[in-house]
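Remarks on the structure that follows.
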Amino acid sequence: MTTLTSKFPHLRQDFLASLVVFLVAVPLCVGVAVASGVPAELGLVTGIVGGLVTGFLPGSSLQVSGPAAGLTVLVFEAVSEFGVGTLGVIVLMAGLLQLAMGIFKIGRWFRAISVSVVEGMLCGIGLVIIAGQIYAAAGLKAPETGLGKIAGLPGAFTDALGSTEALASLAIGAGTIAVIVLWKRMPKALRSVPGALAAVVLATAATLAFGLPVATVTVEGLFGVVQVPGGDAFGELATPAIWGTIVAFALIASAESLFSAAAVDRLHDGPRTEYDKEMVAQGVGNTVCGLLGALPMTAVIVRSSANVGAGARTKASRVLHGAWLLLFAAALPSALALVPIPALAGILVHAGWKLIPFRQISALWRSHRGEALILVVTAVSIVAVNMFEGVLIGLALSVVKTAWEASHLRTEIVDKGAGPVQVHLTGNATFLRLPKILDSLEALPQDRPVELDLSGLHHLDHACRTALENWAERHSAVGTEPVRVTTAA
């Protein structure tokens, strides 16, 4: 034991942390899988790969990977459109794309993505998750679109009030949320058990004790759900639409993982994340998940923060958590059949609520209203259209805002009534501001000489330079003195 301790000085801390992460991961893995429209065991498979494969690789030593609530909406859409059998191919190709991005050192560039777009993405995902899982908590079928889910909620509640089964199911879901929220106020000894796990255990016990007519998880067995993609699934790659989904999987999973890594780095004093290596690790993990036909993985902040909070010191904790998931999935799969689906829905409603950045929205509105608008538009677009297009809309708005701010220009005209008219341009003269510049110059009196001072410009693009030269020629052609232009030294 002494020799083992000398080789692995942090073994005790990592071992205890791995148990905590395992207990946090089980209900989340199962809940995300069920909400994504795939067998519950596939969520465990992704968690196992996240521990035993990605957990071994360099990148970020303390963040933990697995199926994420943030991809639930996208996975559900993909499964609905292409089928469970094709999911493995989508995840596999997304993993290979992540590998390429990591190898070509694109990972670090994800830090340049506007935080408002990322927060808006999480907000939109959270809203869709909450709306969709309320139907699951009531045992009702949810509409397919995000807007349909939200618009149909009043009718769903009305239907639930007229059904004993739906009310019992809703009670289990609401009780699960209440336990998770109130668990933080429990005595310290009880809080050593993760709130989500405690909520699932209590919900399962209540369902069994009172014989409630509540749907439970369907169990197929770990090896029964693992399916290597076949030729038909790979044939779907000839469909252009599938490539948009693949790119969406890769980009959104990568962004979520790398932003999670940045957040986890702020929680500990250990080695910092190497972003390109972490991208490679995520790519390897998703490639393996794709070969097994499982869910896509990302680094998950809930599990990662639990890992750091439990005292983990090295990557051993996340590898061990993968081993515990494998043992659970192999030895106790029948335990999943007892878990009420509304309890898992309650866990995801709580997770979706935590994705909505209420504080960030209010802070941005006070200081940067443009960024707050991008956040809200991104979230609304995801709800109204879909995740991929919603994120693209947010990114486009962010680029337009940046371009507009970068082209800030001030035009000052000094006319003393006699002598030349002085025009001072300061800031950045780009094609975006060209109409305003020309309007100001063309409004100057034609019979007066003009002194055009460009020394205050930080940037003058080719379009503006050419337009100013053409205007100067026209103004000088009517018999006045040539326009005198002053540029920076």
Side-chain angles (χ1 to χ4, degrees), residues 10 13-29 31-32 43 46-47 50-51 54-55 59-72 111 115 118-119 121-123 125-126 129 177 179-186 188 190-200 253-273 275 278 281-282 285 297-322 324-325 347-360:
H10 306 298
Q13 296 98 315
D14 290 333
F15 176 81
L16 294 175
S18 71
L19 292 175
V20 172
V21 178
F22 160 69
L23 295 174
V24 171
V26 169
L28 288 174
C29 287
V32 169
T46 300
T54 305
S60 177
S61 60
L62 295 182
Q63 78 169 352
V64 184
S65 299
L71 284 177
T72 301
R111 289 179 291 178
V115 174
V118 176
E119 297 286 4
M121 177 187 77
L122 296 176
C123 182
I125 292 168
I129 288 174
I177 297 171
V179 170
I180 295 173
V181 172
L182 298 174
W183 198 251
K184 295 178 182 178
R185 301 181 182 180
M186 294 295 171
K188 189 174 181 180
L190 284 177
R191 281 189 277 119
S192 61
V193 177
L197 182 66
V200 168
S254 300
E256 190 168 340
S257 294
L258 298 182
F259 276 96
S260 171
V264 173
D265 279 351
R266 291 195 291 268
L267 299 177
H268 66 88
D269 299 323
R272 304 293 91 181
T273 297
Y275 285 88
E278 180 63 18
Q282 294 295 323
M297 74 164 60
T298 73
V300 187
I301 190 61
V302 175
R303 270 162 266 184
S304 302
S305 58
N307 189 39
V308 175
R313 304 294 293 277
T314 72
K315 66 177 67 175
S317 61
R318 61 189 193 180
V319 175
L320 285 171
H321 118 276
W324 309 144
L325 284 174
I347 289 174
L348 287 171
V349 167
H350 181 260
W353 181 264
K354 292 179 71 174
L355 289 176
I356 302 175
F358 294 104
R359 292 182 181 177
Q360 289 87 334

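Residues take their numbers from the sequence shown, with the count starting at 1.
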ask   = Which distance, rounded to the nearest 0.5 Å, do you find between the CD of Glu119 and the CD of Gln360?
value = 4.5 Å
Can you list, pair by pair, the side-chain donor-acceptor contacts under 3.5 Å of residues 348-359, counting residues two or more places apart and other chains?
none

note = On a heavy-atom basis, the closest approach of Gly47 and Pro67 is N-CD, 3.7 Å
Beyond-backbone contact of Thr54 with Met297, side-chain heavy atoms, under 4.5 angstrom = yes
key: pair Ile347-Val200: side-chain heavy atoms closer than 4.5 Å   = yes
Any donor-acceptor N or O pair under 3.5 Å, side chains Ser257, Glu278 = no
ask   = Under 3.5 Å, side chain of Gln63 to main-chain N/O of Ser304, donor-acceptor pair present?
value = no
inquiry  = Donor-acceptor check, side chain of Trp183 to backbone of Val193, threshold 3.5 angstrom: yes or no?
reply    = yes
inquiry  = Are the side chains of Val264 and Thr273 in contact, using a 4.5 Å heavy-atom criterion?
reply    = no
inquiry  = Applying side chain to side chain donor-acceptor pair (under 3.5 Å) to Gln282 and Thr298, what does each step give before you reach the verdict?
reply    = CA-CA 7 Å; Gln282 294 295 323; Thr298 73; 6.0 Å; no
ask   = Going by heavy atoms in the side chains, are Lys315 and Leu62 under 4.5 Å from each other?
value = no
Polar side-chain atom of Ser18 near backbone of Phe15 as donor-acceptor pair, under 3.5 Å = yes
ask   = Is the backbone N or O of Arg272 less than 3.5 Å from a side-chain atom of Asp265, with the two atoms forming a donor-acceptor pair by type?
value = no
key: Expected output: side-chain Arg303 to main-chain Ala25 donor-acceptor under 3.5 Å   = no
ask   = Do side-chain atoms of Asn307 reach the backbone of Ala312 as a donor and acceptor pair under 3.5 angstrom?
value = no
query = Distance from Thr46 atom OG1 to Leu325 atom CG, nearest 0.5 Å?
reply = 10.5 Å
query = Going by heavy atoms in the side chains, are Val64 and Val300 under 4.5 Å from each other?
reply = no
